[in-house]
Amino acid sequence: MTKKDIHVVPHDGDWAVKSEGSKRAARVTPTKAEAMEIARDIAIRRGAERVEHTANGRIRGSDSYGNDPCPPRDKEH
């Protein structure tokens, strides 16, 4: 299985959880917090990255739940 990133994006006044490259949303929720939690669960299962977008669609940040080749400095041994 490919490890496509999971995006949380605005969707007609709601929030959608979409796999990278997918045209259809996996889930649509009324709150961003709910969408972020769903995306987190999917990303953990797939060992992928969760990408958070702002209300205007710009990327705000991301969290990696897989084998991150560039871990933060405070996590290196």
How close do [X] and [Y] get, counting heavy atoms only, and between which atoms?
{"X": "Met36", "Y": "Val8", "answer": "SD-CG2, 3.7 Å"}
{"X": "Ala39", "Y": "Ile6", "answer": "CB-CG2, 3.7 Å"}
{"X": "Ala55", "Y": "Pro10", "answer": "O-CG, 3.4 Å"}
{"X": "Thr29", "Y": "Asp14", "answer": "O-CB, 3.1 Å"}
{"X": "His53", "Y": "Lys32", "answer": "O-NZ, 3.0 Å"}
{"X": "Ala35", "Y": "Trp15", "answer": "CB-CB, 3.8 Å"}

Say you draw a straight line from [atom1] of [X] to [atom2] of [Y]; how long is it, rounded to the nearest 0.5 Å?
{"X": "Ile44", "Y": "Arg50", "atom1": "CD1", "atom2": "CZ", "value": "8.5 Å"}
{"X": "Tyr65", "Y": "Asp41", "atom1": "OH", "atom2": "CG", "value": "9.0 Å"}
{"X": "His7", "Y": "Ile59", "atom1": "NE2", "atom2": "CD1", "value": "6.5 Å"}

Can you tell if the side chain of [X] reaches within under 4.5 Å of the side chain of [Y], non-hydrogen atoms only?
{"X": "Glu34", "Y": "Glu37", "result": "no"}
{"X": "Arg46", "Y": "Ser19", "result": "yes"}
{"X": "Glu49", "Y": "Glu20", "result": "no"}

